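Since we're looking at a predicted model, the values are computed, not measured.
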Amino acid sequence: MLKQKAGVKLNAHEKFFSKIGVNYLILGLVAVIIQIIITNIIANTNPNALSDVNLIYIISAMCNYLIPLPIFYWLMKRIESRKMKKEKVGIWTFILYIGITMTLMWIGNLIGLAITFLLGGAIQNDITNPVQQLINSTNIWFNIVIVSILAPIFEEFFFRKMLIDKTIRYGAKVSIILSALLFGLFHGNLNQFFYAFLMGGFFAYVYIKTGKIIYPIVLHAIVNFMGSVVSQVISQAMMNLQQSISTTDLTIIVAYMILFIIFIVLGIIGLSRYKKAKFNGKKTEIELEYKYTTMFMNPGMICFVAFFIFEMIRQMVM
């Protein structure tokens with residue numbers, strides 16, 4: 001194991017994390033710039049098309065995932081990787097993983113709602129979740145394909161596979177914290193930051209523990225499906241009940257509440273079991289004496305964090 005000493009190899013480690021920060025900043029900037037270019041082209045050729053929410057959804061997905069992929073892959077490929085040791089997960093363990101994921105989502109969502117409510121009162125402006133608004137106004141099949149299938153695949157590839165394979169040499173803790181923070185900030189709005197941060201950290205844990213990216217992809221797909229599809233079904237059922245009592249709508253809501261309780265219980269059990277988790281075979285090659293300053297107090301990471309905090313502020317005041 002290599003021991004980092006202050007003033008000896010600090011610059012080399014700072015440069016490493018700065019490069020990571022720059023690469024993820026480029027990923028975000030490419031997505032934003034390309035989306036601006038495409039929407040401006042459409043606005044000048046067929047302005048009415050921009051009123052189609054489903055078209056905006058497709059453009060957003062292309063700009064966030066498909067178009068930046070080759071550039072980002074090329075940038076990250078230049079950084080040395082480590083092969084992850086693969087480990088199978090039993091059915092019961094994976095069920096606990098689902099419970100933990102859902103519990104962290106609800107906890108993070110409550111924190112986000114509370115903070116945005118307080119900030120909204122302070123600035124006298126309602127802070128909304130633009131992504132949730134887009135999901136609620138889009139065709140449910142787009143939510144299934146884009147939010148529940150494509151987004152988990154690309155985002156787990158970007159923020160777990162590509163990131164952790166490069167940073168695991170610094171230890172699981174460093175990789176988990178970095179993955180969680182970058183994933184949370186990349187969403188670009190305060191509403192999503194908290195649950196994205198919590199879930200991103202847990203998905204990183206699962207990937208490091210198992211070495212298989214398919215597990216966090218499936219967990220991510222489940223939580224996105226619950227948030228983009230099931231939530232719409234529940235909202236519609238509740239609206240229907242306000243007008244007239246329907247056995248079908250009542251059954252849907254009761255089934256959801258039972259599922260909610262089951263997930264919370266499983267999540268609490270799972271979190272109590274895995275809070276002292278050990279990563280078998282995952283050894284730290286480079287021990288950072290000043291972990292957080294080395295990880296974040298460098299030009300690349302500072303620019304990345306500053307850009308996405310600016311995006312969050314911009315979303316709040318719009």
Side-chain angles (χ1 to χ4, degrees), residues 84-116 148 152 155-156 159-161 163-164 167-168 170-185 187 190-228 230-231 234 253-284 287-288 291-292 295:
M84 305 293 290
K85 183 178 178 181
K86 293 181 170 37
E87 181 179 316
K88 290 184 179 180
V89 168
I91 294 175
W92 170 242
T93 299
F94 192 74
I95 290 173
L96 286 179
Y97 284 173
I98 296 173
I100 293 172
T101 300
M102 300 303 295
T103 302
L104 291 176
M105 181 193 72
W106 280 313
I107 291 172
N109 197 34
L110 288 173
I111 294 172
L113 287 173
I115 290 177
T116 52
S148 303
E155 289 178 5
E156 291 309 306
F159 293 97
R160 252 62 68 181
K161 175 69 178 172
L163 179 60
I164 293 173
T167 59
I168 193 62
Y170 291 94
K173 186 176 181 180
V174 167
S175 291
I176 289 172
I177 292 172
L178 198 59
S179 176
L181 185 63
L182 265 59
F183 185 59
L185 287 173
H187 282 74
L190 195 60
N191 301 76
Q192 289 184 289
F193 171 78
F194 298 97
Y195 64 77
F197 175 84
L198 293 177
M199 289 192 302
F202 182 64
F203 293 156
Y205 160 82
V206 172
Y207 178 57
I208 295 170
K209 180 73 174 176
T210 65
K212 296 182 178 181
I213 196 62
I214 187 63
Y215 290 133
I217 286 175
V218 174
L219 291 171
H220 197 153
I222 290 171
V223 76
N224 278 16
F225 180 79
M226 294 291 289
S228 65
V230 175
S231 62
I234 298 301
I253 293 172
V254 170
Y256 178 77
M257 293 304 297
I258 293 172
L259 197 63
F260 175 86
I261 294 169
I262 291 172
F263 278 139
I264 289 294
V265 172
L266 289 173
I268 293 171
I269 293 172
L271 288 170
S272 65
R273 281 184 56 179
Y274 293 104
K275 63 182 179 180
K276 295 181 180 179
K278 294 182 179 180
F279 299 96
N280 297 327
K282 311 293 193 304
K283 295 182 179 179
T284 302
E287 183 69 41
L288 296 173
K291 285 186 175 64
Y292 302 110
M295 288 165 62

Distance from I111 atom CD1 to L104 atom CG, nearest 0.5 Å? 9.5 Å
Which heavy atom of K173 sits nearest a heavy atom of Y292, and at what distance? CE-OH, 3.3 Å
Please tell me if the side chains of F193 and L185 come closer than 4.5 Å, counting only heavy atoms from C-beta onward. yes
Using a 4.5 Å cut-off on heavy atoms from C-beta on, say whether the side chain of T101 contacts that of I222. no
Working to the nearest 0.5 Å, report the span between CG of L178 and NZ of K291. 13.5 Å
G99 and T103 have their tightest heavy-atom pair at O-OG1, 2.7 Å
What are the two closest non-hydrogen atoms of P152 and A221, and how far apart are they? CG-CA, 3.6 Å
Working to the nearest 0.5 angstrom, can you tell me the gap between M257 CE and I234 CD1? 9.5 Å
Please find the pair of heavy atoms, one from F94 and one from V89, that lie closest to each other, and give the distance. N-CG1, 3.7 Å
Side chain S272, main chain I269, donor-acceptor under 3.5 Å: yes
Trace of the side-chain contact (heavy atoms from CB on, under 4.5 Å) decision for L219 with F202: CA-CA 10 Å; L219 291 171; F202 182 64; 4.2 Å; yes
Looking at every non-hydrogen atom in both residues, tell me the closest pair between K161 and Y207 and how far apart they are. CD-OH, 3.2 Å
Under 4.5 Å between any side-chain heavy atoms of I164 and M84, yes or no? yes
Interatomic distance, T167 atom OG1 to I176 atom CD1 [nearest 0.5 angstrom]: 10.0 Å
Between the CZ atom in F260 and the CD1 atom in I253, the distance rounded to the nearest 0.5 Å is 14.5 Å
For F183 versus G200, what's the shortest heavy-atom pair and its separation? CD2-CA, 3.7 Å
Are any of the side-chain heavy atoms of L266 and I100 separated by less than 4.5 Å? no
dist K86:NZ -> K209:NZ (nearest 0.5 Å) comes out at 16.0 Å
With the side chain counted from C-beta on, respond yes when L259 and M226 share a heavy-atom pair under 4.5 Å apart, and no when they do not. yes
Verdict with reasoning, F159 to H220, per ring pair (Phe, Tyr, Trp, His ring centres under 6.0 Å): CA-CA 12 Å; F159 293 97; H220 197 153; 9.4 Å; no
Could you check if a side-chain atom of I107 sits within less than 4.5 angstrom of a side-chain atom of F194, using non-hydrogen atoms only? no
Can you classify the ring geometry of F263 versus W106 as parallel (below 30°), tilted (30 to 60°) or perpendicular (above 60°)? tilted
